[in-house]
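Take a look at the structure below.
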Amino acid sequence: MTTFFTADTHFGDHRTINIWRRPFASVAEMNALLIERWNATVAPNDIVWHLGDVARRPADVPDLLAALNGTKHLIRGNNDPDGTLQSAGWASTADYAELVVDEHRLVLCHYPFRSWNSQHRGALNLHGHSHGRLAPMRRQFDVGVDVHDFAPVTLGDLLAKPDRRERGGSPPVRATSS
């Protein structure tokens, strides 16, 4: 069982393709690649923390969750109305969470923080919202799909990348559908 993190999938949201310059010709193409990459990365028994902005329409969320591998937890984003939180398929929903993964204390929120609990004791802030456009702070990681080739990422992956270890992030990686 592995723990993954992701954010800003924006399933079904045509605006995301234009605003964030995602390399997709259509919402259907974007949705298909997001589902494909998620399921190629996450096994059925893995855990996924989605740090917000799941989908354009709350009515689509139950079917999306059923199509995606793993036990899914949601940290609400600014584009997640109550209907998204109430959808069947979430193991938990919250606005904020603190947890320990691989002996690392994590502070999870959709929004990046300027400072966070236990920041100076080594705690890491994982967030979405900025779509890779925010200069990260030390021990802060954008887990959004725009930064991670449209797939969930493990904490080990975040910590292992030399360019992210000090800065906490990197420019978005552009994907091409296959």
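Computed from a predicted structure; not experimentally measured.
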Counting only N and O atoms by type, is there a donor-acceptor contact under 3.5 Å from the side chain of [X] to the main-chain atoms of [Y]?
X	Y	value
N39	N69	yes
Q140	M137	yes
D53	N78	yes
D146	G132	no
N125	V107	yes
D8	V145	no

For residues [X] and [Y], determine if any side-chain heavy atom of one lies less than 4.5 Å from a side-chain heavy atom of the other.
X	Y	result
H10	R15	no
T154	T3	no
H120	R139	yes
W49	K72	no
I47	H73	yes
H104	L159	yes
I35	L64	yes
L85	L74	yes

Next item on the list: Check step by step if side chain to side chain contact (heavy atoms under 4.5 Å, CB included) holds for V153 and F4.
Entry: CA-CA 5 Å; V153 63; F4 289 90; 5.7 Å; no
Item checked: ILVMFWY network linking M1 to L155, side-chain heavy atoms under 4.5 angstrom ->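 In one cluster with M1: L155, yes.
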Next item on the list: Please answer: with hydrophobic residues joined when any side-chain heavy atoms are less than 4.5 Å apart, are L134 and I19 in the same cluster?
Entry: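 L134 does not cluster with I19.
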Next item on the list: Using the test salt bridge (Lys or Arg N to Asp or Glu O under 4.0 Å), find all partners of D95 that sit at least two apart in sequence or belong to another chain.
Entry: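 Per chain and number, D95 pairs via salt bridge (Lys or Arg N to Asp or Glu O under 4.0 Å) with R76.
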Notebook entry, point to check: Who pairs with D60 by salt bridge (Lys or Arg N to Asp or Glu O under 4.0 Å), at least two apart in sequence or on another chain?
Noted result: R57
Give me the atom names and distance for the closest heavy-atom approach of [X] to [Y].
X	Y	value
L124	F141	CD2-CE1, 4.0 Å
A7	L51	CB-O, 3.7 Å
T41	P152	CG2-O, 3.6 Å

Margin query: Test side chain to side chain contact (heavy atoms under 4.5 Å, CB included) on F150 and M30; report intermediate values, then the result.
Written below: CA-CA 9 Å; F150 302 100; M30 178 179 74; over 6 Å; no
Check: Does the side chain of T9 come under 3.5 Å of the side chain of H50 through a donor N or O and an acceptor N or O?
Finding: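 Yes - a donor-acceptor pair under 3.5 Å links their side chains.
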Check: Say you draw a straight line from CD1 of I75 to CG of D80; how long is it, rounded to the nearest 0.5 Å?
Finding: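 It comes to 10.5 Å.
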Excluding sequence neighbours, so at least two apart, what forms side-chain hydrogen bond (donor to acceptor under 3.5 Å, both in side chains) with [X]?
X	value
E98	Y96, R105, N117
D46	none
S130	D142
T16	none

Check: How would you list, by chain and number, every residue that makes a ring pair (Phe, Tyr, Trp, His ring centres under 6.0 Å) with F113, sequence neighbours excluded?
Finding: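 Ring pair (Phe, Tyr, Trp, His ring centres under 6.0 Å) check on F113 returns nothing, list empty.
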Check: Quick one: ring pair (Phe, Tyr, Trp, His ring centres under 6.0 Å) partners of H129, sequence neighbours excluded?
Finding: H110, Y111
Got a sec, which residues hit side chain to side chain contact (heavy atoms under 4.5 Å, CB included) with [X], two or more places apart in sequence or on another chain?
X	result
S26	A28, E29
P62	S87
N31	F11, V27
A67	none

Next item on the list: Please step through side chain to side chain contact (heavy atoms under 4.5 Å, CB included) for the pair R21 and H131, ending with a clear verdict.
Entry: CA-CA 10 Å; R21 296 187 181 110; H131 294 262; over 6 Å; no
Next item on the list: Let me see the working for W90 and V54 under side chain to side chain contact (heavy atoms under 4.5 Å, CB included), right down to the final yes or no.
Entry: CA-CA 12 Å; W90 296 117; V54 177; 3.9 Å; yes
